[in-house]
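Take a look at the structure below.
We name chains A, B, ... by the order of the sequence lines, and we start the count at 1 in each one.
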There are 2 protein chains.
Amino acid sequence: MAVDREQVLKEAAALLTRRATTSMDEIARAAGISRATLHRHFAGRDALIRALEERGIEQLAQAMDAARLEDGDAATALRRLVTEAEPVAGMLAFLFTENQLFEGEAVNAGWARLDGRINALFRRGQEEGDFRIDLSAAWLTEALYGLIGAGSWAVHEGRVARNDLNHSIVELLLGGIRRSMEK
Amino acid sequence: MAVDREQVLKEAAALLTRRATTSMDEIARAAGISRATLHRHFAGRDALIRALEERGIEQLAQAMDAARLEDGDAATALRRLVTEAEPVAGMLAFLFTENQLFEGEAVNAGWARLDGRINALFRRGQEEGDFRIDLSAAWLTEALYGLIGAGSWAVHEGRVARNDLNHSIVELLLGGIRRSMEK
DNA sequence: TATCGATGAGACATCTGTGTCTCATCCGGC
DNA sequence: GCCGGATGAGACACAGATGTCTCATCGATA
């Protein structure tokens, strides 16, 4: 009865997102397998985190593909990106706070690629005259991550309705707090 | 030669912001004292974190006082808040990701008070017709924390210049990404 | 049914961090 | 100079998690 590796990673992500210090034993139980079996599939805790990171990178990359970042105007592409990335928001929030620990070669390269794609999207919006240019694309990228993380956390805490998450993030990013007469 | 408790907390905050699992020994060394002395001043790791949290709450409260949140229009008050809170940004980023673990009585009450003040600021802006009302004040509060955290991290990583931090946060919050003809 | 691979349960050693304690030392005030 | 409080260095036991191993069991398949 082969263990569903993907299912294990999913459970692990759910637990670690809530508490970064969740033990291997707790993860194993949550996944419905024994600690021994967990170790048979992932050499150790580091390997598990690494696998999670690779999974997160892959999922975000797929979300980007699905969002077709290069199509249409940048703002609409950004909306699509947030929509596609929402299911991975919790995972991103976890990795965003955790990735300071592990500085793997391939992993960093993976993040750099993703950052680059988002950066490019913001730059495109700036070049097309739609996005303001007094805020660097690098900062906008970080801010996007930050808002996704904050939003995911807020939903988890019950301070924001899950249904509003997408709208909350995108609208704040695009339009800001201020009520504008027209735009 | 009395240990400078404030200095120890400052060092601890700096280290823990970078890596949440920094050991007591590392903190002690960074503060230039021995682990034994560190334990003489803080009963244990929990007590140290608790002290950090109280310190963060106090500092943020002072920043709010200095920002005079009730004076003038809400947007300007928000600008003042970000300016005053900037020196504590790193600390806030740490506590923001860490407070999910410790659920102290008094501590939570302290955060609730601060959240309430920020919430009130956003609500005031909404009632005065300056802030949009399709984004809840609760979400705006979370978003502010998120952006401060992301900004602090971006500065730490060298992706945003420290001098730009204030401007980056406030402008994104108030105006959003979009280039607007007029506002 | 017999077999083989995968799993669960548990024992075990190890490691890291923590909290406590003791003892020597240092430094300032008397 | 002497004394007392504070500190540093280090030993110690303890707790929790980790990684490895063994052995029994279960289930699918030949």
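- Not one side-chain nitrogen or oxygen of B:S23 sits closer than 4.0 Å to the OP1 or OP2 atom of C:dG17.
- Between the base of C:dG8 and the side chain of A:R35 there is no donor-acceptor pair shorter than 3.5 Å.
- In this structure, CG of A:D25 is placed 11 Å from P of C:dA9, rounded to the nearest angstrom.
- Rounded to an integer number of Å, the gap from B:R45 CZ to D:dC14 C1' is 17 Å.
- Ion pair A:R50/A:D46 not flagged as a salt bridge, since none of the NZ, NE, NH1 or NH2 atoms sits closer than 4.0 Å to an Asp/Glu carboxylate oxygen.
- An OP1 or OP2 oxygen of C:dT7 is reached within less than 4.0 angstrom by no side-chain nitrogen or oxygen of A:T37.
- Atom CG in A:L38 sits about 13 Å away from atom C1' in C:dT7, given to the nearest Å.
- For A:H41, no side-chain nitrogen or oxygen approaches OP1 or OP2 of C:dA6 to under 4.0 Å.
- Between B:R179 and A:D130 there is no salt bridge, since no side-chain N of the basic residue sits under 4.0 Å from a carboxylate O of the acidic one.
- A:L16 has its CG atom 14 Å from the C1' atom of D:dA17, to the nearest Å.
- Atom CZ of B:R29 and atom C1' of D:dA9 are 10 Å apart (whole Å).
- B:E6 and B:R55 are joined by a salt bridge, as a carboxylate oxygen and a charged side-chain nitrogen come within less than 4.0 angstrom of each other.
- Of the listed nucleotides (C:dC21, C:dT18, D:dC21), C:dC21 has the atom at the smallest distance from the side chain of B:A36.
- The nearest whole Å value for the distance from the CG atom in A:L48 to the C1' atom in D:dG19 is 14 Å.
- Between B:T83 and B:N166, the side chains place a donor N or O and an acceptor N or O closer than 3.5 Å (distance only, hydrogens not considered).
- As rounded to whole Å, 16 Å separates atom P of D:dA17 from atom CG of A:D46.
- For A:R40 and C:dG8, a side-chain-to-base donor-acceptor distance below 3.5 Å is present, hydrogens and geometry of angles not being considered.
- A salt bridge links B:E171 with A:R132: at least one charged nitrogen is closer than 4.0 Å to a carboxylate oxygen.
- Atom CD1 of A:I27 is separated from atom C1' of D:dA17 by 12 Å (rounded to the nearest Å).
- Between B:S34 and A:T22, it is B:S34 whose nearest contact on DNA chain D lies nearer the 5' terminus.
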